Amino acid sequence: MKALVFRGVNDVHVDEVPRPHAGVGEAVIRVTLTTICGTDLHIVRGEYLVRPGLIIGHEPVGVIVELGPGVTGVQAGDRVLVGAITPCGQCRACLSGHQAQCGHGAGYEAIGGWRFGNTINGAQAEYLLVPYAQANLAKIPDELTDEQVVLLADIASTGLAGAESGGVRIGDAVVVFAQGPIGLSATAGAKLMGASLVIGVDTDANRLQMARRMGADVTLDYKEVDVVNEVKRLTDGGADVSIEALGTQETFEEALRCLRPGGTLSSLGVYSGKLQIPYEAFAAGIGDHHIVTTLCPGGKERMRRLMEVVRRGRVDFTPLLTHRFSLTEIAQAYQLFGERLDGVIKVAIRP
Ligand SMILES: NC(=O)c1ccc[n+]([C@@H]2O[C@H](COP(=O)([O-])OP(=O)(O)OC[C@H]3O[C@@H](n4cnc5c(N)ncnc54)[C@H](O)[C@@H]3O)[C@@H](O)[C@H]2O)c1
Ligand SMILES: [Zn+2]
Ligand SMILES: [Zn+2]
């Protein structure tokens, strides 16, 4: 089969590799649609380490072609969505509701639920081996297209979870820092959760426009305005929930400075280096602030719920799919997505 193989830093190539086969508890799907994540860019650039030879990508939609012994409730030919995070469903973390921190059969392991394109072969390929298939194959309702569900595997699940983890309540004022694919999904999540005011922050005019389409009432260009003062003015003293969707000191700190006492900072960004909390932004540690972090929720029940939200017309992520490529053209897709050319937000890749 054809697959995008990570050979080394800045060296990925569509190679001919052996097709996987399903063992006990596993499934193989023929991938019908996938996409590229910002995290894949970090991998290709050598900023997040994976082993050379690994097939990357973690956002699969496909059709079941093989089921190993022990997998029930689905059959060959079923269309399925598989989350970017594939919990085992059996360990202490999974059974305690922390599937993303799946402990691989034992206790907890930080980020342990993220396997595709990280510790095992991923989705930018013609076929994909799905581990713990019983916990991870979510049947796609007939009326939903591949394009309607592909972003639910990762960015939509993550962004919506940013609002859920933030505990957004009806009537809350929410500010979302960065309007990349994750931030845009968080903006949609804040609206879905019942925020009365959603403020989207970025500088890219195209993304700010998309933010309004996804549910932002107000957008702020951080290069044009003092975001902290403006959020405090718009919210009469501070946001109830700040969602950080970039992963930098600057946005983390601004998200904290925008919060009212007792507010929640819901952080989605992936950080590097040291993250500092200035004491005055934190009311010296006694402002009743909450800081929560979230890794993309996965597993078949999460995917089922998100597909229902889409099927019932509550939210539509297809506007984020701005460009389409075949798997053989994926190098072009990486270039476009990586350099953020031509107003790209997400690319659809059809193997
Ligand atoms: N928590 C998770 O499970 C999870 C999953 C996937 C990705 N991530 C992380 O989420 C983050 C965002 O990913 P993405 O793909 O949406 O990002 P992206 O790189 O596509 O977009 C980032 C956006 O941030 C904007 N920006 C830059 N500086 C800014 C500032 N100071 N204030 C406001 N906006 C600013 C840019 O204009 C751009 O639109 C990354 O750290 C990524 O690694 C987390
Ligand atoms: Zn991702
Ligand atoms: Zn587990």
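One-based numbering along the sequence shown. Fair warning: this is a prediction, and the values are worked out from it, not measured in the lab. Just follow the structure's listing: the first ligand is 1, and inside any ligand the first atom is 1.
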Residues pairing under side chain to side chain donor-acceptor pair (under 3.5 Å) where one sits in residues 276-295, two or more places apart or in two chains, turn out to be Ser165-Thr294, Arg257-Glu280
Are Arg79 and Asp142 within salt-bridge range, i.e. N to O under 4.0 Å? no
Between Thr158 and ligand 1, which part of the residue brings a heavy atom under 4.0 Å of the ligand: side chain, backbone, both or neither? side chain
Could you measure the distance from the CG atom of Leu268 to the CD1 atom of Ile182? Nearest 0.5 Å is fine. 6.5 Å
Please list the nearest protein heavy atom to atom 35 (C) of ligand 1 with its residue and the distance rounded to 0.1 Å. Tyr222 CE2, 3.4 Å
Check: Gln124/Tyr334 side-chain N/O donor and acceptor closer than 3.5 Å: yes
Lys/Arg N to Asp/Glu carboxylate O, Arg260 vs Asp240, below 4.0 Å: yes
Modelled atom types, side-chain donor and acceptor of Asn118 and His58, under 3.5 Å: no
Look only at the side chain of Arg7 and the backbone of Val12, and say whether a donor-acceptor pair between them is shorter than 3.5 Å. no
Option set Gly180, Ala245, Ala178, Ser267, criterion heavy-atom distance to atom 12 (C) of ligand 1, minimum: Ala245
Carboxylate-amine/guanidinium proximity below 4.0 Å for Glu308 and Arg304: no
Looking just at side-chain N and O atoms, do Asp146 and Thr32 make a donor-acceptor pair shorter than 3.5 Å? yes
I'd like to know whether ligand 1 has Arg340 as a neighbour, heavy-atom separation below 4.0 Å. yes
Quick one: do Lys346 and Glu59 make a salt bridge, cutoff under 4.0 Å? yes
For atom 25 (C) of ligand 1, what's the nearest protein heavy atom and its distance? Asp202 OD2, 3.1 Å
Would you say CG of Leu95 has more than 12 non-hydrogen atoms from neighbouring residues, nucleotides or ligands within 6.0 angstrom? yes
Output yes when Glu126 and Arg19 qualify as a salt bridge under the 4.0 Å nitrogen-oxygen rule, no when they do not. no
Should you measure from each heavy atom of Glu250, which atoms of ligand 1 turn up under 4.0 Å away? 31 (N)
Mind checking how many protein N/O/S atoms fall short of 2.8 Å from the Zn ion (ligand 2)? 3
Can you tell me which residue and heavy atom of the protein come closest to atom 3 (O) of ligand 1, and the distance to 0.1 Å? Cys296 N, 2.8 Å
Checking heavy atoms under 4.0 Å, the part of Thr248 that sits near ligand 1 is neither
Is any side-chain heavy atom of Pro181 closer than 4.5 Å to a side-chain heavy atom of Arg207? yes
Does this structure show an ion pair linking Glu143 with Arg311, if we count only N-O contacts that are shorter than 4.0 Å? yes
Could you list which atoms of ligand 1 come closer than 4.0 Å to a heavy atom of Leu295? 3 (O)
Closest to atom 20 (O) of ligand 1 (heavy atoms only, candidates Pro181, Gly338, Gly247) is Pro181
Could you give the distance from CD1 (Ile43) to SG (Cys37), rounded to the nearest 0.5 Å? 8.5 Å
Which residues satisfy the ring-ring contact (aromatic ring centres under 6.0 Å, His included) test with Phe252, sequence neighbours excluded? Tyr271
Using a distance threshold of 2.8 Å, what protein N/O/S atoms lie below it relative to the Zn ion (ligand 3)? Cys88 SG, Cys91 SG, Cys94 SG, Cys102 SG
For Thr251, atoms of ligand 1 separated by under 4.0 Å from a heavy atom: 30 (C), 31 (N), 32 (N)
Looking only at protein heavy atoms, which one is nearest to atom 44 (C) of ligand 1, and what is the separation? Leu268 O, 3.1 Å
For atom 22 (C) of ligand 1, state which one of Val344, Val270, Leu246 supplies the nearest heavy atom. Leu246
Atom 13 (O) of ligand 1 has as its nearest protein heavy atom Ile182 CG1, 3.5 Å
